[in-house]
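The next block holds one structure in the form of structure tokens; read it before the comments.
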Amino acid sequence: MSFVESEERQALRRAVGELGKKYGYAWFDEQARSGGNTTELWLEAGKLGYLGVNLPEEYGGGGGGMGDLSIVLEELGAAGCPLLMMVVSSSIVGTVITRFGTDDQKQRWLPGLADGSTTMAFAITEPDAGSNSHNITTTARRTDDGWSLTGRKVYISGLDVAQAVLVVGRTEDARTGKLKPALFVVPTDAAGVEFQQIEMDLISPDKQFTLFLDDVQLPREALVGAEDAALMQLFAGLNPERIMASAFALGIARHALGKALAYVKERQVWKTPIGAHQGIAHPLAQVKIELELARLMMQKAAALYDAGDDLGAGEAANMAKYAAGEVAVRATDQAVQSLGGNGMTKEYGVAALSVAARAIRIAPVSREMILNFVAQHSLGLPKSY
């Protein structure tokens, strides 16, 4: 791993940055407040090849890795228009199908994921199985023709724009004991599938849903990978999720920092820009330092994952997500503080970022669960849960 990005990745950053500027925060905010979505940007990003940079070339992707995909999301976020479904559709689902799908499944789903014509959601969280995935009760029962899937999921992103959802469940004969996840591709318009929007105090075009699965009939080929592949098959998607969540957070942090800097360089109170005062300058400098440190850990996680080191990537991805979430909260809070009263107005568009940043501390894995992971796996301390 080099600490200097290749010319190709630098060019990717510039190109995606230009696309992001074409849309920007004002467009993103308007979609959020009007009940719209980011489909227009999603389709253009897909057409330009950005959504599938991590997917195999033979299926229309760019043949790159998570390092490349994280650049796309970070730059869109820095421009003020992050695509949350990249964390799910391009990253989790695309990776799982690439690594464990059959040839038919890859041919069926990957080209659409790569060009943006197909969006797929991901469903793991349940009302009684939040951080403890071993409590998942969504159950797949074998039928003569395939599978019957029943269960309920919560806080599932993007079901309103997704054509299918990758559901994490367990088979009927594995309902007790340690979780052996079974992954199923479920069309969102299948009989027995219903979803209801969850009203959130979060200004975002990406909506959250409760997903209901009532005896959903699926063909045999709906199962992705082996039904008894244990946790490694699931972690193949969760490590990229954490890497991409880090990219999402870093994009928000950069956008907030950019708005704060633009303001404090111009705003004058005592005959000098307020950015000259250490009370303003030092906190923003601290944000910059923490942002760069978080990106380095994200890049390490992506490099390990792309090299095939799932175990090493797991530790680094969790640390990256923690660091990125923390700096996103610090950056957005400091942006509001730097702008003073203007920081609370819609015109300047930084207050709404604070709620989005807080969400990153919680999802897709909370900062507390990451600290549990590091304490146990990195420090060798006794398990606390």
Side-chain angles (χ1 to χ4, degrees), residues 1-6 9 12-13 16 53-54 64-78 82-88 90-92 94-96 122 124 131 157 234-257 286-332 353 356-379:
M1 173 184 173
S2 172
F3 290 100
V4 179
E5 287 184 337
S6 66
R9 285 190 170 178
L12 178 63
R13 279 194 185 277
V16 176
V53 293
N54 62 313
M66 292 308 304
D68 302 292
L69 192 64
S70 66
I71 285 173
V72 175
L73 183 53
E74 181 189 341
E75 291 304 319
L76 289 175
L83 293 175
L84 177 62
M85 291 305 288
M86 285 188 66
V87 180
V88 178
S90 307
S91 175
I92 303 175
T95 297
V96 169
F122 177 69
I124 182 172
S131 297
S157 302
L234 178 58
F235 288 159
L238 295 186
N239 284 337
E241 177 189 48
R242 282 149 175 70
I243 293 169
M244 291 298 287
S246 303
F248 188 89
L250 290 175
I252 288 179
R254 284 177 54 194
H255 184 72
L257 179 59
Q286 184 177 359
V287 167
K288 174 62 175 176
I289 292 170
E290 294 178 4
L291 196 159
E292 294 297 329
L293 292 173
R295 182 191 289 116
L296 281 174
M297 183 55 75
M298 181 187 72
Q299 291 172 330
K300 176 181 179 180
L304 289 170
Y305 187 83
D306 291 338
D309 184 357
D310 288 344
L311 187 61
E315 179 185 57
N318 274 289
M319 290 182 174
K321 195 273 178 183
Y322 176 92
E326 294 302 295
V327 74
V329 171
R330 184 184 294 277
T332 53
L353 295 176
R358 289 292 308 183
I360 300 169
R361 264 187 168 179
I362 299 168
V365 58
S366 71
R367 66 191 297 273
E368 289 74 21
M369 287 305 296
I370 292 176
L371 292 173
N372 284 336
F373 177 94
V374 172
Q376 179 184 342
H377 295 282
S378 302
L379 302 180

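Keep in mind that what you see is a predicted model, and the values were worked out from it rather than measured.
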Do [X] and [Y] have side-chain heavy atoms sitting under 4.5 Å apart?
X: Arg254; Y: Glu75; value: yes
X: Ile92; Y: Pro240; value: no
X: Leu238; Y: Val365; value: no
X: Leu76; Y: Met86; value: yes
X: Pro364; Y: Val87; value: no
X: Phe122; Y: Val96; value: no
X: Arg330; Y: Gln286; value: yes
X: Phe248; Y: Leu83; value: no

Give a yes or no on whether the backbone of [Y] and the side-chain of [X] come within a donor-acceptor separation of less than 3.5 Å.
X: Ser246; Y: Met298; value: no
X: Asn54; Y: Asp68; value: no
X: Thr332; Y: Val329; value: yes
X: Asp306; Y: Gly67; value: yes

For Glu5 and Ile71, run side-chain contact (heavy atoms from CB on, under 4.5 Å): C-alpha distance rounded to whole Å, both residues' side-chain angles, the deciding distance at 0.1 Å, then the answer. CA-CA 11 Å; Glu5 287 184 337; Ile71 285 173; 3.7 Å; yes
Return the [atom1] to [atom2] distance between [X] and [Y], rounded to the nearest 0.5 Å.
X: Glu241; Y: Leu234; atom1: CD; atom2: CG; value: 9.0 Å
X: Leu250; Y: Glu292; atom1: CG; atom2: CD; value: 9.0 Å
X: Ser378; Y: Phe373; atom1: OG; atom2: CZ; value: 6.0 Å
X: Met297; Y: Asn318; atom1: CE; atom2: CG; value: 11.0 Å
X: Met66; Y: Asn239; atom1: CE; atom2: CG; value: 9.5 Å
X: Glu315; Y: Ile370; atom1: CD; atom2: CD1; value: 12.0 Å

Looking at [X] and [Y], what are the two nearest heavy atoms and their distance?
X: Leu73; Y: Met244; answer: CD2-O, 3.3 Å
X: Ala313; Y: Ala301; answer: CB-O, 3.9 Å
X: Ser70; Y: Ala247; answer: O-CB, 3.4 Å
X: Thr95; Y: Ala236; answer: CG2-O, 3.3 Å
X: Ala249; Y: Ala328; answer: O-CB, 3.7 Å
X: Ala245; Y: Ile360; answer: O-CG2, 4.3 Å

Is there any salt bridge (charged side-chain N to carboxylate O under 4.0 Å, His left out) pair reaching into residues 316-328, and which pairs are they, with sequence neighbours excluded?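 Listed by first then second residue: Glu326-Arg361, Glu326-Arg367.
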Leu69 vs Ser90, test: side-chain contact (heavy atoms from CB on, under 4.5 Å). Steps then yes/no. CA-CA 8 Å; Leu69 192 64; Ser90 307; 3.9 Å; yes
Mark yes when over 12 heavy atoms from residues, nucleotides or ligands other than Leu293 sit less than 6.0 Å from its CG; otherwise mark no. yes
